[in-house]
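Accompanying notes for the structure given below.
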Amino acid sequence: MQKYDPHEIELRWQAVWERTGASIVREGPPEDNGSAAPRYYALEMFPYPSGDVHMGHVRNYSIGDVISRYKRMCGFEVLHPIGWDSFGLPAENAAIKQSSTPATWTYANIERQRASLKRLGFSYDWDRAVITSDVDYYRWGQWIFLKFWEMGLVERRSSPVNWCPSCLTVLANEQVVGENQCWRCKSTLERKDLEQWYFRITSYAQELLDDLELLKGVWPERVRQMQANWIGRSTGAEVDFVLCDAAGEPTDETITVFTTRPDTLFGCTFFLLAPEHPLVRNLVAGTPYEGEVKRVIEAAASQSAVERSKGERTKNGAFTGRFVINPINGEKVPVWISDYVLMDYGTGAVMAVPSGDERDFEFARAFGLPIPPVVVAPDDPLFATLEGVRERRVDDVPWSEAFAGAGIMVQSGPFTGLAGGKDSAGAQAVIDALAQQGVGRATVNFRLRDWLISRQRYWGNPIPVIYCEQCGIVPVPVESLPVVLPMDIDVVRNETLASRADFLNVECPVCGRPARRETDTMDTFTCSSWYYLRYTDPHNDELPFAREAVDAWMPVDQYIGGIEHAILHLLYSRFFTKALRDAGLLSFGEPFSRLLAQGMVKLEGEVMSKSKGNVVAPEDMIAAYGADALRVFILFMAPPDKDVDWEEKGLAGIYRFLVRVWRMVHDLVGAACEDTFFEKGVGENAASAPAAAAAIAASAPALTPAAQEACALVLRERHRVVGKVTEDIERFNFNTAIAAIMELANATGDYLRLASPPSRMADETRHAFDLEVAEVLVKLLAPMAPHFSEELWQGLLGHDTSVHTQAWPDFDPDLAQSQTVEIAVQVNGKVRAHINIASDTSDEKLRAAALAAVAAQIAERPVRKVVVVPGKLVSVVI
RNA sequence: GCCCGGGUGGCGGAAUGGCAGACGCGGAGGUCUCAAAAACCUUUGUCGAAAGACGUGUGGGUUCGACUCCCACCCCGGGCACCA
C-alpha cells in the first residue's frame with residue numbers, strides 16, 4: 001500500500017485540475033458546451049492583499065469551497081469566484097516602508113495569495129478573478145459614479161467630518177469604531193469642516209430597513225439587528241415653535257424641533273438649541289447673555305467627541321434671553337443652549353420635557369427649571385392626585401429620575417386621560433391637532449448619515465470630476481472614461497495626485513479651457529460594493545456587467561465572510577444593489593440571499609496579528625499536515641459562526657483520521673484486488689443498497705457472528721451517515737458532518753478488524769459491498785478533502801473521471817434502521833432498565849415488555865400511567 | 001441605558017421536549033518492540049468499593065419526561081449610545 005503523502009498528491013491533482021479547467025463555469029446552452037443545470041452562486045468575501053493568506057482566510061474559503069463542491073456534486077452549475085480588494089491605504093504605507101510603489105507591493109501580494117489559495121485547493125473559476133485596482137475594473141466604478149450622479153445620488157457638500165490624523169484622510173461614519181477611533185489604525189479622530197463628496201445612502205434608509213425583513217432567518221440575527229440599529233429609525237413629529245423677539249413679542253420666525261414624544265408637549269418648560277446652531281449667535285448678539293452663551297459654545301467646541309461622550313455627563317448650558325411659544329398651549333418657554341443637543345441629528349433644536357426625558361430632567365434640576373409631570377404611570381402614587389387634571393398645577397415631581405415609559409396623560413388640556421408614550425394614541429392625537437393648525441406634522445428621522453466617499457489618498461479609484469473656473473464642477477463625460485490612476489506615484493517622496501501635473505491639468509469638457517481634476521479618490525468600500533456583480537460578467541468592456549448575466553446568477557445564493565463587515569460592506573452593498581436596480585441595470589433589490597458570518601480564528605483567546613507576533617501561518621500547517629487535513633480540521637473545530645481557538649494537536653488528530661481512512665479504503669479495495677472479481681472492473685461493481693443487504697445475509701457463513709454484526713452495522717451506518725452528512729452540510733454544521741463520517745469510519749474499522757480477508761472474500765457480492773463503503777467514504781470527504789478523495793477515487797478505485805463530478809451519494813433511511821432497538825424504560829422519570837426488542841414490536845407488546853423489565857421497581861405500587869415513545873423509550877408513572 | 005448572541009466534562013464541542021456528554025483533543029492502562037515512536041486495544045462527567053446518588057450559570061414553573069418551553073435573576077461576549 002502506498003503511503004499517504006499529502007504534498008505529492010495535492011500538488012499533482014492541483015496541476016491536473018488547473019489543466020482540465022475543473023472549476024470553470026460552463027455557461028450558455030448545453031449544445032454550446034454550456035450547462036442546463038440549475039445555477040448556484042457561492043461567494044466568499046474577497047481578500048485584501050495585505051500579505052500572506054491567514055487562518056481567517058483558510059476558514060472562510062474552506063467553508064465556501066465545501067459548499068461549492070457539495071453543490072456541484074448535487075447537480076448545480078456553481079459560480080465560485082475570487083478576486084482582490086486591492087486599493088487602499090496599507091499599500092501606501094507598505095510602499096513607503098519598502099521604498100517601493102503601492103502597485104508593486106499590491107500586485108506582488110496578489111500573486112503570493114493566489115499561489116496560497118491554489119495550494120489550498122479551492123475550486124475557484126480563476127478566469128473570472130476581479131482585481132479592483134485594475135483599470136478594467138475601476139473604470140466601471142467611475143461609470144457607476146456618473147450613473148449615480150445622473151440619479152441625484154451624488155452630492156458635494158461642506159459638513160463636519162471625521163479626520164484621521166494618522167491616515168491623513170476623512171472617513172465615513174461607518175468607519176468610526178469604538179470611542180471615536182479610525183477603523184483601520186485606531187487613532188483618535190478629529191472633527192473638521194470640509195467640503196466632500198457623498199453618496200446619498202439616506203435616500204434608501206427606509207428601504208434598507210424594510211428589506212431587513214426579507215433577510216429574516218437567512219441572515220444572522222445579530223447582523224440584521226446591527227444594521228437596523230445603525231439605520232436608527234425614529235417615528236415622531238416636527239413641531240414649529242414661534243420665536244419671540246428680544247422684547248418677548250412673537251416674530252414671523254419659527255424654529256422646528258423633532259420629537260419622538262409629541263404626547264409630552266404640555267410638559268415642555270424650556271427649549272434647547274445645539275451650541276453650533278446657526279441661530280444662536282444672532283439671538284444673543286449684544287445682549288447681557290452673550291458672554292455666558294459664548295463660553296458654553298467654546299467649551300463644547302474645545303471638547304473632543306470622546307470627552308463629550310465619556311465620563312460624567314454634567315450638562316452645560318446657558319439661557320439666551322429669548323423665548324419661543326409652545327404651539328399646543330401658547331405658553332412662552334425660555335430658549336437655552338446646551339452641549340447635549342447635537343447639531344447633526346433632527347433639527348439641532350429640542351423641545352425639553354424634563355419629566356419625560358432623563359437628560360432634560362438633569363438639565364432642569366441643574367438650572368432650577370420646572371418639571372411638570374404630563375405622562376404618569378397608573379401605579380405611581382402621583383397618578384391618583386393628578387388623574388383628570390387638565391390644567392397644569394403641579395409644576396414639579398417627587399421623582400429622582402424622569403419617567404420615559406408608557407402611562408396616562410395628565411395636565412395636558414384636552415388630551416388629558418389619553419394613553420401617553422412612544423407612538424401612543426395620545427401622541428397621535430397631539431400630532432393630528434398640530435397638523436390641523438399647520439404647526440406640526442408626523443415625521444420620521446434616521447440616524448443613518450450619507451456616505452462620505454472622498455479620500456485624500458492616492459491609491460484608490462479617482463473620482464471622475466473636473467473643476468473649471470468657468471463651468472464649476474463638471475463630471476467627466478462617460479466617453480472620456482477611464483480616469484486612469486498613474487501607477488508610478490512616488491509615495492516615498494510624498495508625491496500625490498495633486499503634485500502630478502499630467503494628472504491634475506485637464507481641459508474642461510464643457511468649455512475647453514484649462515481646468516483641474518479632482519485629486520481625491522473614492523473610499524475603497526465603493527469598489528467592494530459591486531464586485532460580486534462583476535464576477536457574473538468579468539470581461540465585459542462595454543458595461544460593468546450585462547443585465548442578462550447578472551440576472552442569471554444573482555442574487556448570491558450563499559455569501560460567507562467575517563462579522564466585522566456587519567455594517568460597512570454589507571450595508572454599502574445593499575445600497576449599491578438598490579441604486580443599480582433603480583438605474584435599470586438589474587432586477588433585484590438584495591444582493592445576498594443568504595449570509596453566513598463566520599467566527600474568528602484566535603490563538604489563546606487573542607486575535608492573531610503580526611504586530612502581536614502570535615500568528616499561526618497556514619503554510620507551516622500545510623507543510624506539516626497537508627492542505628486537506630488543514631481544511632478538514634478548521635471545519636471540524638466548531639460550528640462556522642463561532643470563534644475558535646487554534647489547537648495544533650487537533651490538526652494532528654485530523655491527519656491521523658485521514659491516514660486511517662486512507663488505509664481503510666486500501667484495505668476495502670485491496671482485498672478485492674487479490675480476487676478475480678476485481679478484474680471485472682471496480683467501477684461497475686459498486687453494489688446497490690438492497691443487493692448489499694442481501695449479501696450480508698447470503699454470505700453470512702463466511703464470517704464469524706461478531707463480524708456479521710459489525711458488517712450489518714457498517715451497512716446501517718453507510719445509510720444513516722450519508723443522510724446525516726447531507727443534512728449537516730445543508731445546515732453548515734460541518735463539524736458534525738465530519739464527526740458523522742468518523743462514525744462511519746469507526747464502524748468500518750471494526751468490521752475490517754473482525755472480518756479478516758479470507759473470510760471476507762468469500763463471495764463477489766461482499767466485495768461489491770466493501771467497494772461501495774469505500775466509495776461512499778471517499779465521496780463524503782470529497783468536498784472537504786478534495787485531493788485526498790481524488791487520489792483514492794481515481795488513483796486507487798480506478799475511475800477515470802473526477803470524484804468532484806460524481807453524484808452525491810444517496811441513502812435509504814429504511815436500511816439505516818436496525819432490526820432490534822434498545823428501549824429505555826423510565827419509572828417516574830428515571831431510567832431503570834433497558835430492553836432489546838425487535839424494532840417493529842407493537843406498542844402494546846412494548847408496553848408489556850417494559851412493565852416486566854421494571855417489575856421490581858414497581859413492586860406493589862399501582863401504575864398510574866404509561867407513555868410509549870416508539871423506538872425510544874417507555875415511561876412508567878407509579 | 002438600549003439591542004443582539006452565549007453559559008454543557010480537563011479542553012473544542014454533540015443532542016426535533018425522549019437514555020446529557022456524539023465526534024475529536026487531552027489523560028490513564030495495555031498490545032507490539034531490545035527500546036522508543038507510530039499503530040492498535042481498553043478506559044476516561046463528579047462522588048462512591050459497590051448499589052446508587054448527583055450533574056447542562058442560579059431560582060422557580062409547565063410536563064410522564066426539560067440542555068431544550070415559560071417566568072425572574074446572575075455572569076460572559078458583541079453592537080449602539082447625550083439620537084430628543
Side-chain angles (χ1 to χ4, degrees), chain A residues 177-179 220-230 232-234 236 257-261 264 268 272 274 305 308-310 313-315 338-342 344-353 356-360 362-363 401 404 445-449 563-564 566-567 597 599 605 633 636-639 641-654 656-657 659-660 663 724 728 733 735-743 745-746 749-750 753 822-834 863-878:
Chain A
V177 300
E179 306 221 314
E221 187 57 23
R222 59 182 165 157
V223 176
R224 291 179 58 248
Q225 286 293 335
M226 274 192 238
Q227 291 213 356
N229 239 334
W230 187 260
R233 183 180 196 266
S234 295
V257 298
F258 171 71
T259 178
T260 57
R261 294 293 304 279
T264 63
C268 169
L272 289 162
R308 242 165 113 164
S309 69
K310 250 185 161 177
R313 284 182 180 164
T314 31
K315 306 274 179 269
S338 178
D339 56 4
Y340 77 89
V341 181
L342 307 173
D344 58 3
Y345 183 78
T347 62
V350 172
M351 60 172 242
V353 182
D357 181 276
E358 199 51 49
R359 297 149 302 172
D360 298 346
E362 276 175 44
F363 192 88
E401 54 183 29
N445 235 289
F446 292 95
R447 227 189 50 122
L448 181 69
R449 298 272 77 94
I563 189 77
E564 67 273 17
I567 293 172
F633 175 57
F636 181 64
M637 290 179 85
D641 56 335
K642 288 192 79 168
D643 286 355
V644 291
D645 216 50
W646 181 259
E647 175 64 69
E648 193 176 333
K649 282 188 170 148
L651 173 56
I654 291 295
R656 281 199 296 274
F657 164 65
V659 171
R660 218 149 52 83
R663 275 203 287 262
K724 170 81 174 151
D728 282 351
N733 289 348
N735 56 330
T736 50
I738 294 163
I741 298 172
M742 288 171 170
E743 290 177 276
N746 289 346
D750 289 343
R753 190 153 19 81
E822 192 182 58
I823 301 285
V825 186
Q826 291 183 342
V827 178
N828 286 353
K830 292 208 184 290
V831 178
R832 294 298 179 186
H834 290 101
V863 173
R864 298 218 324 257
K865 189 173 177 184
V866 178
V867 180
V868 178
V869 184
K872 290 269 167 75
L873 57 68
V874 177
S875 183
V876 181
V877 188
I878 56 174

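The shown structure was predicted, so the numbers you read here are calculated from the model rather than taken from an experiment. Sequence lines set the chain letters: A, B, ... in the order given, protein chains first and strands last, and positions in each chain run from 1. Just the heavy atoms: all of them, side chains too, but no hydrogens, waters or symmetry mates, feed the values below.
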Query raised in the report: Are any side-chain N or O atoms of A:R447 and backbone N or O atoms of A:S234, one a donor and one an acceptor, separated by less than 3.5 Å?
Result: no

Report summary line: A:D641 CG to B:G13 P, in whole Å, measures 11 Å

Query raised in the report: Looking at residues at least two apart in the chain, or sitting in another chain, which of them share a side chain to side chain contact (heavy atoms under 4.5 Å, CB included) with A:D357?
Result: A:R359, A:D360

Report task. Under the salt bridge (Lys or Arg N to Asp or Glu O under 4.0 Å) rule, collect the residues that match up with A:D643, sequence neighbours excluded. Result -> A:K602

Query raised in the report: According to a strict under-4.0 Å criterion, is A:R753 in side-chain N/O contact with OP1 or OP2 of B:C40?
Result: no

Report summary line: For A:E358, the salt bridge (Lys or Arg N to Asp or Glu O under 4.0 Å) test, sequence neighbours excluded, returns none

Requested in this report: Any strand is fair game: report the nucleotide pairing with B:C40 by Watson-Crick or G-U wobble, both distances under 3.5 Å, or none.
Outcome: B:G30

Query raised in the report: Ignoring hydrogens and geometry, is there a side-chain-to-backbone donor-acceptor pair from A:D645 to A:G605 under 3.5 Å?
Result: yes

**Report entry** salt bridge (Lys or Arg N to Asp or Glu O under 4.0 Å) partners of A:D728, counting only residues at least two apart
**Finding:** A:K724, A:R731

Requested in this report: Compare side-chain N and O positions of A:R359 against OP1 and OP2 of B:C83 and report whether any pair is under 4.0 Å apart.
Outcome: yes

**Report entry** Separation of A:H834 NE2 from A:I823 CD1 (nearest 0.5 Å)
**Finding:** 10.0 Å

Requested in this report: Please work out if A:G653 contacts a base, only the sugar-phosphate, or nothing of the nucleic acid, heavy-atom cut-off 4.0 Å.
Outcome: sugar-phosphate

**Report entry** Protein-nucleotide distance (A:R224, atom CZ; B:C3, atom P), rounded to Å
**Finding:** 16 Å

Requested in this report: Quick one: classify the glycosidic conformation of B:G45 as syn or anti, with syn meaning within 90° of 0.
Outcome: anti

Report task. Starting at atom CD1 of A:I741, determine the distance to atom P of B:G24, rounded to an integer number of angstrom. Result -> 13 Å

Report task. Would you indicate whether the side-chain heavy atoms of A:V867 and A:V874 approach each other to under 4.5 Å? Result -> no

Report task. Could you tell me which residues satisfy side chain to side chain contact (heavy atoms under 4.5 Å, CB included) with A:E647, sequence neighbours excluded, listed by chain and number? Result -> A:K649

Query raised in the report: With a 4.0 Å cut-off on heavy atoms, is A:N445 in touch with a base, just the backbone sugar-phosphate, or nothing at all?
Result: nothing

Query raised in the report: What does B:C25 pair with, Watson-Crick or G-U, if both distances are under 3.5 Å?
Result: B:G10

Query raised in the report: Taking any strand in view, what nucleotide pairs with B:G1 in a Watson-Crick or G-U wobble way, both distances under 3.5 Å?
Result: B:C80

**Report entry** Partners passing side chain to side chain contact (heavy atoms under 4.5 Å, CB included) against A:R832 (at least two apart in sequence or in another chain)
**Finding:** A:V827, A:K830, A:V854, A:Q857

Report summary line: Pairing partner of B:A35, by Watson-Crick or G-U wobble and under 3.5 Å for both distances, is none

Requested in this report: Look at the side-chain N and O atoms of A:N229 and state whether any lies under 4.0 Å from the OP1 or OP2 oxygen of B:C83.
Outcome: no

Report task. In whole angstrom, give the distance that lies between atom CG of A:L448 and atom C1' of B:C83. Result -> 13 Å

Query - By salt bridge (Lys or Arg N to Asp or Glu O under 4.0 Å) - contacts of A:E648 (at least two apart) - result: none

Query raised in the report: Over how many whole Å does the gap from A:R660 atom CZ to B:A38 atom C1' extend?
Result: 14 Å

Query raised in the report: Where the side chain of A:R832 is concerned, which of B:A53, B:A84, B:C23 is the nearest nucleotide?
Result: B:A53

Query raised in the report: Is the shortest side-chain N/O distance from A:R233 to OP1 or OP2 of B:C83 below 4.0 Å?
Result: no

**Report entry** Counterpart residues, side-chain hydrogen bond (donor to acceptor under 3.5 Å, both in side chains), relative to A:W230 (two or more places apart)
**Finding:** A:E174

Query raised in the report: Mapping A:V659 and A:P639 to their closest nucleotides on RNA chain B, which lands nearer the 5' end?
Result: A:P639

Report summary line: Rounded to whole Å, the CG-P distance (A:L651 to B:C23) equals 21 Å

**Report entry** Nucleotide nearest A:Q225 when distance is taken to its side chain, options B:A14, B:C82, B:C4
**Finding:** B:C4

Each nucleotide N or O in nucleotides 15-20 of chain B that has a protein N or O under 3.5 Å away: list the pair and distance.
from, atom 1, to, atom 2, distance (Å)
B:G18, N2, A:Q826, OE1, 3.3
B:C19, O2, A:H834, NE2, 2.4
B:C19, N3, A:H834, NE2, 3.2
B:C19, N4, A:E822, O, 3.4
B:C19, N4, A:E822, OE1, 3.3

Requested in this report: For nucleotides B:G21 and B:G55, find the distance between their C1' atoms and express it as a whole number of Å.
Outcome: 11 Å

Might you list the N or O atoms of the protein lying below 3.5 Å from N or O atoms in nucleotides 7-9 of chain B, with each pair's distance?
none

Query raised in the report: Just checking A:P220: base, sugar-phosphate only, or nothing, at a heavy-atom cut-off of under 4.0 Å?
Result: nothing

Query raised in the report: Are A:N735 and B:A14 close enough that a side-chain N or O sits under 4.0 Å from OP1 or OP2?
Result: yes

Report task. Output yes when a side-chain donor or acceptor of A:R261 lies under 3.5 Å from a complementary backbone atom of A:A404, and no otherwise. Result -> yes

Query raised in the report: How does each nucleotide of nucleotides 27-32 of chain B score, in 5' to 3' order, for protein heavy atoms under 4.0 Å: base (B), sugar-phosphate only (S), or none (-)?
Result: ------

Requested in this report: Sequence neighbours left out, what passes side chain to side chain contact (heavy atoms under 4.5 Å, CB included) with A:A566? Give chain and number order.
Outcome: A:V223, A:M226, A:I563

Requested in this report: Among the candidates B:A84, B:A81, B:C4, find the nucleotide nearest to the side-chain atoms of A:R222.
Outcome: B:C4

Requested in this report: Take atom CD1 of A:I563 and atom P of B:G77, then tell me their distance rounded to the nearest Å.
Outcome: 17 Å

**Report entry** Nucleotide B:G24, atom C1' - distance to CD of A:E648 in whole Å
**Finding:** 16 Å

**Report entry** Mate of B:G45 where both pairing distances stay under 3.5 Å, Watson-Crick or G-U
**Finding:** B:C54

